[in-house]
Structure formats: C-alpha cells, structure tokens
Amino acid sequence: MTDTEIYELATTIPEYWNEHLGEKIAKIKENQIKAGKSGTSVGLISDIHWAINRHHSAALLEKVLTDCAIPYYFDAGDIVSGAGICPPENIINDLIRTEKLFRNIQHKRLVTQGNHDTCYSTFEAPKYYAQCITASELYNYCYRVMAQYPDRVFGPTGTYYYVDEDVHKMRYIVLDTHIVPSDENHEDGTPVYHKCNISLMQEELQWLANVALDVPASDWSVILCTHEVPAETGLGPKNYDVAMGIIDAFRKHTKYEKTTHYEDAPHCDAHISCDFTGRGGNFIVWVGGHAHHDLIKDFNGIQTMTVNCDCTHNSKLSAFEHVAGTTTEQAFDILTVDKNNHKVYVTRIGCGENREFEYEVF
C-alpha cells in the first residue's frame, strides 16, 4: 500500500464500522448528558505502531471528536513501528506519516513520546532497538507542529506541556518519560541513555509541581498523560512515586518533599519540594498506554489507567483480540468526566469494552 493510499484512509470509514460507530457516539452523548454542564470529554489513543496498524483510527477519531464536540485527545506515544532492525529513516518516516494521517485533528492532538519513538538499529541481531534518533530530530518530526497552537503551555524541552479547557475548568497535562541528558553514544554506536529501555521522570517534576499543577482555582480538575503509567508493577517510570506524592499533595491541598537517588542511574536523581496549602485542585486520573491492554487501578487513592493498543498486536495480557477487517482492528477511548458524581465514563471505540470508575475529591 502506498502512502497516498494510506492517507486516503484518514478520511475513509469502512462501512462495517458504521453501526458500531453510531452506537458509540450515542453512548458518549448519553454520558455527556449525565455529566451535565460541568462535565467534559477527552480522547485517549496509544501505541499506534504504524506498520501493524489498519490506519482507520484517524477518520474514526475525527468523526467521534467532531460529533461529540470533544476539544482534545491524548496520543500516548509509540507512534512508530519500532522495528528491531531498520534504518533511522524508517522511524522518521513513521513520525511524518502519522502526523499527516491525523492532520485534520492535529489541533486537538496532545502527543507524548513512547519508548519506541526514537529507536531503531542498523546492527545485526540480536541488537534490536540499539540506536536512537536525536532529541532534535524527534522534536522536529513529532513536537514542533504543536508549537503553532497558542493554547499549549510548554516546559523548557518543548516535549512536556499543559492545555486548559476553561469552560469546564479542566487542565490536561502531558509529561515526557524519556528525557535523557544527551544523545551521547558508546564507542560501538549504542546510546549511553537508551530510550527504549529507560523510562523516567526527573527534570519535569519541579515543573509539574509548581507550574502545571498551579491551576487557576481549587474547583479545577486535572488529567495527566504519560506513555508508561504506574498501573502495574514494573511499568511505571523511575520517580513515579515522586509524581504520585506531588499529585497526592495537590488533591489534598498539603505539602510534599522528597529526594531520590538511583545508584544505577544517577541522571534520574531528583529533589522535589512543593506546597499546595490553600491551593491545588481535583485529580481525576493518570492515563497512558505501553502495556497494550486495558487496566484501571486505584494506586494509593489515585486512579491510573492504560488503554489497549490501537494496532493489530494482540497482547497475551489482553482479554480482547484485534481482527483486521472488523471493528476490533482499532482501539481508542473517550473519557467523559462527571464532576458532580466524581465519576468517569470510558467509552471504547473498537476492540474492548466500556468501563467506568470513580475518583476522590477532598
């Protein structure tokens, strides 16, 4: 299939999707009515993985966002195929192709970096994912396009940011869990800081506490997105516990301070101090992907959530199977926040099922 043929799919919804899509749009609108005037909806898609994707999600997502008046959606990373042995051009081309595919809703896209989004290898097997494109290349082909939208408020690297939905008093925060000190390589050409294997939160933690979570008033609510989410043991980024401490202080309107040190990764060392006394707001959920299956977990009182992959990879951990040529070939969510009842209705488009959960307000 040529790129031209693939891009045509961005405006094409196969006939076999029509009934499913109509039912899901009706369900989202029903949830929005239940949520009332203060409620709002946001999309979540992750792990598109270009080469093993059916490429219908751009058209589907555009239809849902438009029909349901949804202003933003999270793209939680792993855009590229991330083939184990391939030239760097393949990674860059995947980033370019995905940006073009979703161009009609680019102004609604809140994207973050996944662990595969810089990784390639020109080495022989088994050195899969053994090299990385540079931070500048990733910025140019993934993040730069978003800088044209004035509603994004960026941190220093231009890869983490927040955006406000003023009418419904919502702030959407996107953090980058793959910021490393440099693009330095070892003598054999492998990266000193291998993004496919390193997941961390460090330099943006102070920004999260003192900028992103400095919401206009205590009746504002926040949703956080990263690629890896601490919904499961072993999948959370380094310092995720610090991020959790910050979030907990934000929602409980109290203070938090912590210092961390990693013998095996000193670049992840962090110190954070923040005080939300007399300020702060409500925290709804920390969302992401990476795991390729659905999970909602209460993590010490903070809701965390992963979304099934949008590609045709079938994880052994998933209860659902992607089948090409059916409505299970894609998968993404619409989260509708009911602030009055402190509840989130999750509507699944594609492979999987609808869910819901509650969150605490202090």
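What you are looking at is a predicted structure, and each value in this text was computed from that prediction instead of being measured.
Note: L205 CG to N239 CG = 5.5 Å, rounded to the nearest 0.5 Å.
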- Please step through side chain to side chain contact (heavy atoms under 4.5 Å, CB included) for the pair D47 and H227, ending with a clear verdict. CA-CA 9 Å; D47 299 86; H227 180 61; 3.5 Å; yes
- Task: Would you check, one step at a time, whether the test side chain to side chain contact (heavy atoms under 4.5 Å, CB included) holds for I25 with C68?
- Result: CA-CA 7 Å; I25 288 172; C68 298; 3.8 Å; yes
- Task: Mind running side chain to side chain contact (heavy atoms under 4.5 Å, CB included) on F357 and V346 for me, showing each step along the way?
- Result: CA-CA 8 Å; F357 61 89; V346 184; 3.9 Å; yes
- Would V287 and V229 count as a side chain to side chain contact (heavy atoms under 4.5 Å, CB included) if you check the C-alpha gap in whole Å, the side-chain angles of each, and the deciding distance to 0.1 Å? CA-CA 7 Å; V287 300; V229 178; 5.7 Å; no
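In this structure, V192 shares a hydrophobic cluster with V180, Y193, I198, L200, the cluster being traced through Ile, Leu, Val, Met, Phe, Trp and Tyr side chains under 4.5 angstrom apart.
No more than 12 heavy atoms of other residues, nucleotides or ligands sit less than 6.0 Å from atom OH of Y240. Around NZ of K255, the count of heavy atoms belonging to other residues, nucleotides or ligands within 6.0 Å does not exceed 12.
C119 is listed as a side-chain neighbour of H194, based on a closest heavy-atom distance under 4.5 Å. Using a 4.5 Å heavy-atom threshold, the side chains of D294 and R348 count as touching. Inter-residue side-chain proximity for I173 and L213 is flagged as met; some heavy-atom pair is nearer than 4.5 Å. No side-chain heavy atom of P71 sits less than 4.5 Å from a side-chain heavy atom of K108. Looking only at side-chain heavy atoms (C-beta outward), H271 and E257 come within less than 4.5 Å of each other. In this structure, the side chains of I272 and Q206 come closer than 4.5 Å at one or more pairs of heavy atoms. Counting heavy atoms from C-beta on, the side chains of Y128 and S121 never come closer than 4.5 Å. For the pair I246/F276, a side-chain contact is recorded, criterion being any heavy-atom separation below 4.5 Å from C-beta on.
For the residue pair E99 / Y141, no side-chain donor-acceptor distance below 3.5 Å is found, with atom types taken as modelled. Side-chain atoms of D176 and T159 include a donor-acceptor pair closer than 3.5 Å. One side chain, Y72 or D151, offers a donor N or O that lies under 3.5 Å from an acceptor on the other. Of the N and O atoms on the side chains of Q202 and D269, not one donor lies less than 3.5 Å from an acceptor on the other residue. Residues T328 and T326 bring a donor and an acceptor atom of their side chains to less than 3.5 Å of each other. In the model, E228 has a side-chain atom that pairs as donor or acceptor with a side-chain atom of H178 under 3.5 Å.
Scanning both residues, I247 and W286, for their nearest heavy atoms gives CD1-CE3, 4.0 Å. L44 approaches F332 most closely through the heavy-atom pair O-CB, 3.4 Å. Nearest heavy-atom pair across F102 and S57 is CZ-OG, 3.6 Å. Taking every heavy atom of both residues into account, N308 and H322 meet most closely at OD1-NE2, 3.5 Å. The minimum heavy-atom distance between G301 and E360, with the atom names listed, is O-OE1, 3.5 Å. Counting all heavy atoms, side chain and backbone alike, S315 lies closest to A291 at OG-O, 4.1 Å.
In this structure a side-chain-to-backbone donor-acceptor pair under 3.5 Å is missing from K24 to V64. With hydrogens and angles disregarded, no donor-acceptor distance shorter than 3.5 Å links the side chain of D310 to the backbone of S46. Looking only at distances, no side-chain donor or acceptor of Q32 sits under 3.5 Å from a matching main-chain atom of S41. Checking side-chain atoms of T226 against main-chain N and O of L175 turns up no donor-acceptor pair under 3.5 Å. No side-chain donor-acceptor contact under 3.5 Å links R152 to the backbone of Q148. Not a single donor-acceptor pair under 3.5 Å links the side chain of R97 to the backbone N or O of K100. One N or O on the side chain of D275 and one on the backbone of T277 form a donor-acceptor pair closer than 3.5 Å. Checking side-chain atoms of Y172 against main-chain N and O of F74 turns up no donor-acceptor pair under 3.5 Å. A side-chain donor-acceptor contact under 3.5 Å links D117 to the backbone of I79. Between the side chain of T306 and the backbone N or O of H293 there is at least one donor-acceptor pair closer than 3.5 Å.
Among residues two or more places apart in sequence or in another chain, the ring pair (Phe, Tyr, Trp, His ring centres under 6.0 Å) test is passed with Y359 by H342. Partners of E329 according to the side chain to side chain donor-acceptor pair (under 3.5 Å) rule, which considers only residues two or more places apart in sequence or in another chain, are Y16, W17, R54.
Look at R355 and D333 and you find a salt bridge, because one of the NZ, NE, NH1 or NH2 atoms lies within 4.0 Å of a carboxylate O, short of that distance. A salt bridge links R251 to D248: one of the charged nitrogens lies within less than 4.0 Å of a carboxylate oxygen.
Under the side chain to side chain contact (heavy atoms under 4.5 Å, CB included) test applied with N31, the options N354, T347, L335 reduce to a single match, T347.
Ring centers of H49 and H313: at least 6.0 Å apart, outside the cut-off. Taking the ring centroids of Y149 and Y161, they lie at or beyond the 6.0 Å cut-off.
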